[in-house]
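Order of the sequence lines fixes the chain letters, A, B, ..., with proteins taken first and strands second; residue numbering starts at 1 for each chain. What's counted below: heavy atoms across the whole structure, side chains too, no hydrogens, waters or symmetry copies.
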Amino acid sequence: MTGASLRLCRSLLQRCPCLSGTSPNCLNPALTSSIMTRSLSDSAAPPAAIQNPEAVTKQSVSQGYGGIADTPRLRSSLNDTEVAKFAAIAETWWDFEGPFKPLHLLNPTRVSFIRSALCRYFRRDPYSTRPFEGLKIIDVGCGGGILCEPLARMGACVTGIDVVEKNINVAQVHAGLDPLTSSIEYICMTAEQLVGSNRKFDAVLALEVIEHVADPSDFVESLSALVAPGGATVISTINRSLRAYAAAIVAAEYLLNWLPRGTHQWSKFLTPEELVLILQRASISVEEMAGFVYNPLTGEWSLSDDTSVNFIAFGTKEIPPTM
Amino acid sequence: MPVICKARVYSMKALPSIFTLYGMPKRAFCHGGSREESSYNSCKNKIISPTISKDEEYDIAIVGGGMVGLALACGLSSMRLAKELSIAILDSNPALKLTVRFNKDGVPHPRVSTVTPATISFFKEVGAWEYVEKQRHAYFNQMQVWDYSGLGYTRYHSRDVGKDYLGCVVENKLLCDSLLSRLQNLDFKKTIHTCRLISMEFPSQGNPTTTDTEQVHMMSGSPGVVPSGNTVEQIHHGSSIKLVLSDGSSLFAKLVVGADGAKSLVREMAGLTTTSWNYPQNAVICTVEHSVENNCAWQRFLPSGPIALLPIGDKFSNIVWTMSPEEASIHKSMSRDDFVKAVNYALDYGYGSHPQSKFIDGFMHRISSISGQNMASMEEHFQLPPKVTDLVSERMTFPLSLRHAREYVSKRVVLIGDAAHAVHPLAGQGVNLGFSDAAALAKVIDQGLLVGYDIGEVSLLKKYEKERKTANMTMMGILDLFQKAYSVDLGPLNVLRAAAFHGAQFIAPLKRNIVSYAMGDQKWPLFT
Ligand SMILES: Cc1cc2nc3c(=O)[nH]c(=O)nc-3n(C[C@H](O)[C@H](O)[C@H](O)COP(=O)(O)OP(=O)(O)OC[C@H]3O[C@@H](n4cnc5c(N)ncnc54)[C@H](O)[C@@H]3O)c2cc1C
Ligand SMILES: C[S@@+](CC[C@H](N)C(=O)[O-])C[C@H]1O[C@@H](n2cnc3c(N)ncnc32)[C@H](O)[C@@H]1O
């Protein structure tokens with residue numbers, strides 16, 4: 001079991017650099033947001049996300065904002081090799097045997113937690129084909145869309161956001177392959193940036209993301225701001241426990257060769273109690289919590305009471321007194 | 001405020017041109033809701049999903065409407081979520097289009113199956129067993145296996161395992177018919193295509209590069225320019241497999257199930273390789289008549305292979321007689337009278353005497369009394385099967401082979417039944433393994449839908465493979481071993497073989513395990 005946790009931790013830790021492709025900067029909030037602000041202004045044209053980010057940036061500099069949607073120049077800037085590159089990364093995100101294997105293995109288990117928690121809360125029939133029909137769900141830090149796709153198949157109206165543009169591209173290309181997932185809306189931005197747009201969601205999910213953000217409290221505040229009153233939140237992360245610590249030392253040593261120093265600060269890992277407190281401060285009360293345990297014999301994860309390594313929490317946002 | 005990118009942006013830009021080229025769009029599949037009422041309705045990014053040509057799109061295409069393929073369709077139709085899937089069944093057998101063809105009067109067809117209690121439970125679960133019960137079928141509660149060398153025999157009784165019966169013999173046609181009747185009486189989205197699969201075209205998904213490049217072109221491409229045929233298909237059928245049929249039509253499916261028998265084309269096209277052994281043996285099968293009713297399954301091992309006499313209802317029995325190809329052609333062409341004589345000879349004193357209880361029995365008694373085992377079933381005495389009075393059907397011969405797919409799944413493809421594993425028909429297990437495959441696959445698909453899986457995803461299908469491969473290989477190993485033990489004349493070592501029989505006869509727990517295993521209880525036969 002420890003071996004398995006080890007493996008998960010390690011790859012969770014690894015994930016960040018490979019997700020962000022060439023720039024581990026994604027972890028630096030200042031840098032990230034400056035990059036993001038730039039590319040956001042370009043995304044006026046829907047196709048932009050699929051294109052070479054650099055080309056897009058240049059375009060936007062020369063053309064300024066707006067009018068991009070029908071600009072032939074933009075279309076001609078389309079770079080097949082870049083597209084091929086996105087596809088190559090898509091293969092990694094969606095390669096069950098690739099670096100994201102632990103996430104794929106974990107996925108059915110966390111989806112079933114989300115399914116039962118949301119169905120109970122929103123009074124949906126958990127055994128209908130599309131229990132989330134009509135629910136607006138946002139997946140913050142969606143990566144390649146591993147969680148977004150099952151939610152969309154279950155009927156939800158899904159939005160996925162991530163700071164890494166390449167992840168968004170990969171997620172988009174993959175979702176387009178199945179009519180059931182092609183309606184997912186992917187946007188490259190941070191939770192903070194989306195808060196500015198005043199959009200609200202019935203459920204806000206952030207799985208395996210909070211351990212990568214600069215300030216978990218600020219992050220949770222942003223998540224809370226995205227939740228509609230009476231809506232729900234689901235967060236999963238790694239515990240700052242002795243067991244997880246032991247696992248991560250190995251990972252950290254392994255990673256030290258190529259990860260910028262301080263990428264994963266131990267102190268950033270939250271215990272379940274801390275997460276509950278932070279959420280509380282952001283007006284979200286945790287109602288359910290579960291741990292994930294790995295069975296090396298079956299190679300499958302299951303839900304348990306043991307939250308000592310990986311855990312997931314479900315909370316709801318109070319409905320403010322109406323005036 | 002940023003404008004948001006949608007995965008299906010091209011649906012807004014490129015569609016008009018597609019409409020003009022191909023006429024009205026038709027909404028394709030979705031696994032939820034009815035086909036008319038789109039699953040996308042509630043989302044504000046409403047997606048129009050046009051089908052480019054008249055090609056139909058399904059969630060699952062089952063290639064092969066034999067017993068196992070139909071069993072899968074029934075299994076899916078009785079699942080909570082999977083019953084919403086749209087299914088296409090392909091088989092050139094025109095019988096699939098007809099209703100109620102089975103006639104219980106008249107002589108039973110020579111192709112029959114011995115179904116185990118596990119299979120019967122499955123049929124009951126999916127609601128097909130009631131159709132079997134309305135027609136001719138034969139439950140049996142006893143089984144006797146013996147050896148031409150006269151040294152060993154085993155008699156099983158269903159009460160050894162605390163059950164009412166050991167199995168039931170049913171004509172294959174009736175099994176198919178019952179499954180089909182069940183499907184026809186269900187509100188289940190299935191379409192039967194009475195034609196053969198000719199070829200399969202896989203989406204270029206192993207490397208999405210081409211598809212994606214094309215998609216991007218579509219998204220930004222100038223209106224009116226639609227990339228050539230395949231490209232459009234690629235985009236609109238996403239990652240589905242295209243199946244080309246013998247009538248020139250084609251359809252798309254997210255998951256293709258190969259239920260197309262031992263010579264599976266699906267298996268070949270998906271590049272799934274097999275391990276196979278050819279036995280230098282053929283099986284002669286036919287229906288015979290007795291003067292009394294038979295209610296026991298009999299099997300005698302002869303030097304050239306086993307002969308089985310299975311009750312099939314009324315005063316009929318079915319014969320499955322394994323022998324060399326030369327002997328088979330002789331037995332197929334000899335006169336009716338001679339054949340009846342040969343059968344009676346083979347089931348009686350032919351090739352050796354009846355088993356006596358001298359030599360080994362004493363030894364076995366000692367062993368079992370030392371180990372303090374329950375002796376109840378030792379009371380069963382050796383019996384002779386009822387005499388065959390007439391041959392009442394044509395004699396059919398089949399070559400025997402054992403074949404096992406090394407892998408049962410690949411992206412969007414899964415094998416079940418004989419397509420995954422063809423076994424020696426010796427213990428009547430072939431189709432039972434296939435029914436277990438169908439039951440397991442239906443369940444795995446249903447569980448996958450519960451957590452939003454793409455049903456063609458290898459990681460999901462592997463769960464099915466993992467569950468079934470071990471069970472199938474165990475059974476194949478046992479049958480192969482049996483076959484080997486009997487295809488060589490062991491001379492003095494026959495005694496050992498006989499001792500094994502006696503072991504099974506006299507050591508009650510061991511025997512119980514063997515019987516349970518043969519009845520489909522899925523336990524290891526020897527190590528429990
Ligand atoms: C002599 C003999 C005796 C047997 N006795 C027993 C027994 O007593 N008990 C037992 O359990 N099992 C027995 N078996 C085994 C049993 O018959 C098989 O295991 C069983 O028929 C397998 O079912 P299936 O549906 O997988 O394949 P099949 O029954 O072979 O069905 C395959 C179907 O696929 C269709 N098909 C093939 N290719 C295509 C294509 N390209 N396009 C569309 N359709 C296609 C065929 O028309 C057919 O209907 C015996 C087998 C033999 C040979
Ligand atoms: C470990 S991955 C998890 C991916 C996805 N949630 C899943 O579980 O399948 C973390 C993801 O969060 C993204 N991320 C990191 N910091 C973020 C932030 N502040 N806002 C949004 N996304 C962020 C990363 O780019 C990465 O894709």
Inset, instruction - Give a yes or no on this: more than 12 heavy atoms of other residues, nucleotides or ligands lie within 6.0 Å of atom NZ of B:Lys443. - result: no

Ignoring hydrogens, what is the shortest heavy-atom contact between [X] and [Y]? Give both atom names and the distance.
X	Y	value
A:Leu180	B:Lys254	CD1-NZ, 3.2 Å
B:Leu449	A:Arg115	O-NH1, 4.0 Å
A:Val111	B:Val451	CG1-O, 3.5 Å
A:Thr129	B:Leu81	N-CD2, 3.6 Å
A:Pro126	B:Leu450	O-CD1, 3.7 Å

Legend entry - Contacting moiety of A:Glu300, where chain B heavy atoms sit under 4.5 Å: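 Only the side chain of A:Glu300 comes within 4.5 Å of chain B.
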
Legend entry - Contacting region of A:Ser128 [heavy-atom separation from chain B under 4.5 Å]: backbone

Distance check, rounded to the nearest 0.5 Å: [X] atom [atom1] versus [Y] atom [atom2]?
X	Y	atom1	atom2	value
A:Asn107	B:Ser459	CG	OG	9.0 Å
A:His174	B:Ser239	NE2	OG	7.0 Å
B:Glu457	A:Trp94	CD	CH2	7.5 Å

Inset, instruction - Find out whether A:Glu149 and B:Asp454 are in side-chain contact, i.e. whether some heavy atom of one side chain is under 4.5 Å from a heavy atom of the other. - result: no

Legend entry - Test item: A:Pro108 and B:Tyr453 side chains (from C-beta on) under 4.5 Å apart, heavy atoms: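 Side chain of A:Pro108 against side chain of B:Tyr453, heavy atoms only: contact under 4.5 Å found.
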
Legend entry - Contacting region of B:Lys463 [heavy-atom separation from chain A under 4.5 Å]: side chain

